[in-house]
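Worksheet: one structure, shown below.
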Amino acid sequence: MLYAILCYDSEAAVGSWTKEQDAAAIAKLDVVQEKLAREGRLGPVARLMPTTAATTLRKGKETIVLDGPFAETKEALLGFFVVECASLEKAVETAKDLGRASSSTGSYEIRPLRLFRPGNLKT
């Protein structure tokens, strides 16, 4: 089954890293990603641009397009991994590996995926 591992953290904290700190964090995460890729379990991985670059589409009687996310939260969705795991337990183990490699103190949300158009990964 495919799982999305969603990465949440303080955007201000992560955004304040120096280029060297950011590169070191990415290098540690790359070790985990390379292992998942060798096992054929790694799907798309993305780091999202800051929430200041977001646009929100608000639905209602009228559809309104607004600048920014307008979410009241201390942690923002910063990125995601899509991984193939045989079970939720394996997905939790994978998220723990990513968490140990991460240089931040945020959280990971693990969600099963249902693909509407299967791509290159097994479903």
message: Can you give me the closest heavy-atom contact between A76 and T51, atom names plus distance?
response: CB-CG2, 4.0 Å
message: K90: which residues meet the side chain to side chain donor-acceptor pair (under 3.5 Å) condition with it, sequence neighbours left out?
response: E93
- request: Output the distance between atom CZ (F81) and atom CG (L29), rounded to the nearest 0.5 Å.
  value: 5.0 Å
Pairing residues for T63 by the side chain to side chain contact (heavy atoms under 4.5 Å, CB included) criterion, not counting sequence neighbours: L57
field: Listed once per pair and sorted, the salt bridge (Lys or Arg N to Asp or Glu O under 4.0 Å) pairs that draw on residues 17-31, sequence neighbours left out
entry: D22-R47
- request: Using atom types as modelled and distance alone, determine if a side-chain donor or acceptor of Y3 lies under 3.5 Å from a backbone N or O of L88.
  value: yes
message: Which residues pass the side chain to side chain donor-acceptor pair (under 3.5 Å) test with S107, not counting sequence neighbours?
response: E75
query: According to a 4.5 Å side-chain heavy-atom criterion applied to Ile, Leu, Val, Met, Phe, Trp and Tyr, with indirect links allowed, do I26 and L77 form part of one hydrophobic cluster?
result: no
task: Could you pull out the closest heavy-atom pair between Y108 and I5, with the gap in Å?
output: CD2-CG2, 3.5 Å
- line: Shortest non-hydrogen pair, I110 vs A95, comes out as CD1-CB, 3.6 Å
Shortest non-hydrogen separation from L66 to R58 and the atoms involved: CD1-NE, 4.1 Å
query: Quick check: does any side chain N or O of T18 sit under 3.5 Å from a backbone N or O of Q21, one acting as donor and the other as acceptor?
result: yes
query: So, for E11 and M49, which heavy atoms are closest and what is the spacing to 0.1 Å?
result: OE2-O, 4.4 Å
query: Which heavy atom of R41 sits nearest a heavy atom of C85, and at what distance?
result: NH2-SG, 3.4 Å
query: Are V65 and T56 close enough that some pair of their side-chain heavy atoms sits under 4.5 Å apart?
result: no
- request: Please identify each residue that fulfils side chain to side chain donor-acceptor pair (under 3.5 Å) with R100, with sequence neighbours left out.
  value: D97
message: Among residues at least two apart in sequence or on other chains, which ones pass side chain to side chain contact (heavy atoms under 4.5 Å, CB included) with A46?
response: F80
- line: d(L98 CG, Q33 CD) to nearest 0.5 Å is 7.0 Å
message: With a 4.5 Å cut-off on side-chain heavy-atom distances among I, L, V, M, F, W and Y, is there a chain of contacts connecting L6 to L78?
response: no
